[in-house]
*Asks:* 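Before anything else, here's the structure in question.
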Amino acid sequence: MKPPITPDGRYIVVRGRLWRASNPHLPEHERGALVQDLMTARREVKAARDAEDEERLIAARKAVDAAKVALGERGPVWWTDGAMDFNRHMAKNTPYADWYAEQADSR
């Protein structure tokens with residue numbers, strides 16, 4: 001089941017918390033390549049943990065972060081209207097509170 005997406009498309013909601021969505025303005029081929037990079041980096045994080053290799057883990061986490069920044073999920077916001085970033089905030093404590101309450105009521 002896909003997580004709810006805020007009406008403006010800026011966030012997904014997971015367990016009540018807002019997480020910044022990928023930039024919808026990325027060309028599909030670029031987005032696809034970045035998602036592949038992200039998945040590769042996440043697999044490398046797991047492998048580094050399993051191997052208990054701290055240097056490898058640090059490099060893998062940097063690769064995850066770089067992919068997330070390129071996707072627009074971290075770093076500067078991808079929207080241009082000056083709206084505040086509520087990434088990682090609880091939805092109930094943001095301007096999305098009423099919308100989120102309606103989502104919870106409809107489940």
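Values reported hereafter were calculated over all heavy atoms of this structure, with side chains retained and with hydrogens, waters and symmetry mates removed. Quantities reported herein were computed from a predicted structural model and do not represent experimental measurements.
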*Asks:* Do Tyr11 and His89 pass the side-chain contact (heavy atoms from CB on, under 4.5 Å) test, and can you show the C-alpha distance, the side-chain angles, and the key distance before you say yes or no?
*Replies:* CA-CA 10 Å; Tyr11 304 95; His89 286 73; over 6 Å; no

*Asks:* Going by heavy atoms in the side chains, are Asn23 and Leu71 under 4.5 Å from each other?
*Replies:* no

*Asks:* If every non-hydrogen atom of Met84 is compared with every non-hydrogen atom of Trp79, which pair is closest and at what distance?
*Replies:* O-CZ2, 4.0 Å

*Asks:* Output the distance between atom CG (Asp65) and atom CZ (Arg74), rounded to the nearest 0.5 Å.
*Replies:* 5.0 Å

*Asks:* To the closest 0.5 Å, what do you measure between NZ (Lys46) and CG (Leu57)?
*Replies:* 12.5 Å

*Asks:* CD of Gln103 to OH of Tyr96: how many Å apart, nearest 0.5 Å?
*Replies:* 13.0 Å

*Asks:* Can you get from Val77 to Leu26 by hopping between Ile, Leu, Val, Met, Phe, Trp and Tyr side chains that sit under 4.5 Å apart?
*Replies:* no

*Asks:* Mind checking whether Met39 and Val45 sit in one hydrophobic cluster, side chains of I, L, V, M, F, W, Y counted as touching below 4.5 Å?
*Replies:* yes

*Asks:* Is there a side-chain contact between Pro95 and Phe86 (heavy atoms, below 4.5 Å)?
*Replies:* yes

*Asks:* Would Arg56 and Asp50 pass as an ion pair if we require N to O under 4.0 Å?
*Replies:* no

*Asks:* Does Leu34 share a hydrophobic cluster with Trp19, counting links as ILVMFWY side-chain heavy atoms below 4.5 Å and allowing steps through other members?
*Replies:* no

*Asks:* Of all heavy-atom pairs between Trp99 and Ile5, which one has the smallest distance, and what is that distance?
*Replies:* CZ2-O, 3.2 Å

*Asks:* Closest approach of Pro76 and Arg20, non-hydrogen atoms and distance?
*Replies:* O-NH1, 3.2 Å

*Asks:* I'd like to know whether Arg10 forms a salt bridge (charged side-chain N to carboxylate O under 4.0 Å, His left out) with Asp81, so could you lay out the CA-CA distance, the side-chain angles of the two residues, the decisive distance to 0.1 Å, and finally the verdict.
*Replies:* CA-CA 12 Å; Arg10 293 178 179 167; Asp81 63 2; 2.6 Å; yes

*Asks:* State whether a side-chain donor-acceptor pair under 3.5 Å links Asn93 with Tyr100.
*Replies:* no

*Asks:* So which heavy atom on Trp78 is nearest to which on Gly9, and how close?
*Replies:* CZ2-O, 3.7 Å

*Asks:* What's the spacing between Arg31 CZ and Leu38 CG if we round to 0.5 Å?
*Replies:* 10.0 Å

*Asks:* Of all the heavy-atom pairs spanning Glu73 and Asn87, show the shortest one and how long it is.
*Replies:* O-ND2, 3.9 Å

*Asks:* Taking all non-hydrogen atoms of both residues into account, name the closest pair between Arg61 and Arg49 and its distance.
*Replies:* NH2-NH2, 3.3 Å

